Amino acid sequence: MRWNVTTLLAPGGAKMYQDSNTGSNGRQPADLWCKVAYWELRQRVGRQFAVFEPTVNVFQEQPRGDGMCLGVLQQATDCESIQRTRAKIGYGMTLSKEPDGVWVYNRSEHALFVNSPTLDLPNSRTFIVHKVLPGYCMNIFDFETAEMFARIRDPQFSDGPYDPNSIRISFAKGWGACYSRQFVSSCPCWAEVLLRRVDR
């Protein structure tokens, strides 16, 4: 991974558009590489955001960068766990599409927790949640691994719907076998990255 932190954090480095068909700068759907959905527990908050630029910042409040500002989507809530977790998002994360896959860079002061099809064991009914510490980055979707898994995937191991192009990222709270929360939908604040299959 060849991170250029100046580029990732610089104003104007990443843009996000709400219009999935054509961005405000005239971008066409062919430039779309993912959509990001923000969730609080089981409730999706706001619309899916289409990403056209190679990098996008996802953060809590302005001025934390350009990109997807979660603070403008959120409504008032009495849920203390959501309130506490919102306060921990801060600078959030940067998602970057690179030649070898999709990377996440943790810009916040708290850990991110990630589950991705290419980080799981192939043909397994269990899933793995990975912790990304503040200031660290991780390849969260490897293109070559995705292609290999698609060839060897056995449908009998799928318990219900399965999306091989969906990544789940929770802010500050983990889930799964090693945590009290068993499902990502039990996490107070989390994002779903829906990748579009594109040529690398």
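Since the model is a prediction, treat every value here as computed from it, not as a measurement.
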I'd like to know if the side chain of [X] reaches the main chain of [Y], judged simply by a donor and an acceptor atom lying under 3.5 Å from each other, with no hydrogens or angles considered.
| X | Y | result |
| --- | --- | --- |
| T94 | N57 | no |
| W33 | F52 | no |
| N115 | R168 | no |
| N106 | H110 | yes |
| W190 | L41 | yes |
| R196 | L32 | yes |

Distance, nearest 0.5 Å, that separates [atom1] of [X] from [atom2] of [Y]:
| X | Y | atom1 | atom2 | result |
| --- | --- | --- | --- | --- |
| F49 | Y38 | CZ | OH | 11.5 Å |
| K88 | R84 | NZ | CZ | 7.5 Å |
| S185 | R42 | OG | CZ | 4.0 Å |
| L119 | I128 | CG | CD1 | 8.0 Å |
| L112 | M93 | CG | CE | 6.5 Å |
| S108 | F171 | OG | CZ | 8.0 Å |

Heavy atoms of other groups near Q182 CD, more than 12 under 6.0 Å
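Yes.
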
Hey, quick one: are L194 and W103 part of the same hydrophobic cluster, counting side-chain heavy atoms closer than 4.5 Å, chains of contacts allowed?
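L194 and W103: separate clusters.
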
Shared hydrophobic cluster for L195 and M138 (ILVMFWY, side-chain gaps under 4.5 Å)
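Same hydrophobic cluster.
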
In chain order, what residues pass the salt bridge (Lys or Arg N to Asp or Glu O under 4.0 Å) check against E40, with sequence neighbours excluded?
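So E40 forms a salt bridge (Lys or Arg N to Asp or Glu O under 4.0 Å) with R86.
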
E192 and W39: CA distance, side-chain angles, deciding distance, side chain to side chain contact (heavy atoms under 4.5 Å, CB included) verdict:
CA-CA 8 Å; E192 185 176 22; W39 295 76; 3.4 Å; yes

Stepwise, does the ring-ring contact (aromatic ring centres under 6.0 Å, His included) test hold for F113 with Y179?
CA-CA 11 Å; F113 296 85; Y179 301 92; 5.5 Å; yes

Looking at side-chain heavy atoms only, is the closest gap between [X] and [Y] below 4.5 Å?
| X | Y | answer |
| --- | --- | --- |
| I89 | C189 | yes |
| V45 | L70 | no |
| Q83 | T77 | yes |
| D100 | F143 | no |
| L95 | V51 | no |
| R181 | P188 | yes |

Determine, step by step, whether W175 and F127 satisfy the side chain to side chain contact (heavy atoms under 4.5 Å, CB included) criterion, reporting the C-alpha distance in whole Å, the side-chain angles of both residues, the deciding distance to 0.1 Å, and the verdict.
CA-CA 10 Å; W175 81 98; F127 63 90; 3.4 Å; yes

At their closest point, which heavy atom of [X] faces which heavy atom of [Y], and how far apart are they?
| X | Y | value |
| --- | --- | --- |
| P117 | F149 | O-CE2, 3.4 Å |
| T55 | S96 | CG2-OG, 3.3 Å |
| K35 | A50 | CG-CA, 4.0 Å |

Stepwise side chain to side chain donor-acceptor pair (under 3.5 Å) test for Q74 and Q60
CA-CA 9 Å; Q74 297 161 343; Q60 177 60 23; 2.6 Å; yes

So if I apply the side chain to side chain contact (heavy atoms under 4.5 Å, CB included) rule between S116 and each of I167, T145, V129, V104, which one comes out positive?
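With S116 as partner, I167, T145, V129, V104 yield a single side chain to side chain contact (heavy atoms under 4.5 Å, CB included), made by I167.
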
Working for side chain to side chain contact (heavy atoms under 4.5 Å, CB included), residues N139 and V102:
CA-CA 6 Å; N139 184 334; V102 178; 5.6 Å; no

